[in-house]
Amino acid sequence: MIVCSNCKHDNMAGSMFCAECGAQLIGKDNLTTQTITTGQVGGTPTVEKNDQYQSFDGGDAWGSLHLLDTGQVLPLSSRNEFTLGRISEGQPIMPDVDLSPYQAYAGGVSRLHAVLKRDAGRVVLMDLGSANGTYVNGKRMQPNAEQTVNHGDIVALGKLKIQILIKNS
């Protein structure tokens with residue numbers, strides 16, 4: 001067990017972030033930088049929320065994953081179910097969507113983190129018992145329990161934030 005220095009919560013071995021308060025458990029010395037435009041100097045930077053969700057052109061895809069940190073959009077093919085995670089050397093079972101190129105390890109994404117599937121006209125997400133949890137719009141999901149997600153929802157696999165984009169049928 002790893003004890004969080006912030007809230008003293010006991011976390012599973014291998015966790016990178018506290019399940020209770022979200023504090024980083026390993027490598028707290030990492031430097032995080034942010035770009036501030038000239039208009040923001042001297043004032044408080046603001047984050048603008050856009051109610052118009054990004055559209056996508058995924059051909060036969062029924063949905064896409066918009067990686068918020070990089071702005072990249074990963075279209076989901078016509079299949080109905082995808083495992084999300086990262087690839088690790090010697091791993092016997094691979095995720096359908098490999099998030100390794102998008103700093104998944106640093107973001108606390110498990111090898112097999114979650115499942116996203118289309119089921120009877122709805123899209124559901126299920127955490128596969130990941131070490132650092134899955135969050136939908138800031139609320140932590142229970143492991144192995146399905147939750148419906150909608151177009152524009154923000155899903156966090158650990159600290160990796162993804163916007164769900166669902167094509168209108």
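Counting heavy atoms from C-beta on, the side chains of Arg122 and Glu146 come closer than 4.5 Å. With contacts defined as side-chain heavy-atom distances shorter than 4.5 Å, the pair Leu74/Tyr102 qualifies. With contacts defined as side-chain heavy-atom distances shorter than 4.5 Å, the pair Leu65/Leu84 qualifies. The side-chain heavy atoms of Met141 and Leu125, taken from C-beta on, include a pair separated by under 4.5 Å. Counting heavy atoms from C-beta outward, Leu76 and Leu116 have side chains that approach closer than 4.5 Å. In this structure, the side chains of Lys117 and Asn80 stay at 4.5 Å or more apart for every pair of heavy atoms. Looking at heavy atoms from C-beta onward, His151 lies in side-chain contact with Leu165 at the 4.5 angstrom threshold. Within the 4.5 Å cutoff, the side chain of Thr134 has heavy atoms near those of the His113 side chain.
In the displayed structure, Glu81 atom CD is contacted under 6.0 Å by more than 12 heavy atoms of other residues, nucleotides or ligands.
Between the side chain of Asp98 and the backbone N or O of Ile87 there is at least one donor-acceptor pair closer than 3.5 Å. Distance alone, capped at 3.5 Å, is enough to place a donor-acceptor pair between the Arg86 side chain and the Val109 backbone.
Looking at every heavy atom in both residues, Gly133 comes nearest to Ser130 through N-OG, 3.1 Å. Of all non-hydrogen atoms in Val149 and Ile166, the two that sit nearest each other are O-CD1, 3.9 Å. Between Asn144 and Gly129, the shortest heavy-atom contact is OD1-N, 4.2 Å. Heavy-atom minimum distance, Ser88 versus Arg111: CB-NE, 3.2 Å. Counting all heavy atoms, side chain and backbone alike, Thr83 lies closest to Met94 at OG1-O, 4.2 Å.
Going from atom CG of Asn137 over to atom CD of Gln147 covers 8.5 Å, rounded to the nearest 0.5 Å. Taken to the nearest 0.5 Å, the CG atom of Asp127 stands 7.5 Å off from the OG atom of Ser110. Taking CZ of Phe82 as the reference point, atom CZ of Arg118 lies at 8.5 Å (rounded to 0.5 Å). Note: Thr70 OG1 to Gln103 CD = 9.5 Å, rounded to the nearest 0.5 Å.
By the 4.5 Å side-chain criterion applied to Ile, Leu, Val, Met, Phe, Trp and Tyr, Leu112 is assigned to a cluster that also includes Ile93, Val115, Met126, Leu128.
No chain of hydrophobic side-chain contacts below 4.5 Å, direct or via other Ile, Leu, Val, Met, Phe, Trp or Tyr residues, connects Leu67 to Ile154.
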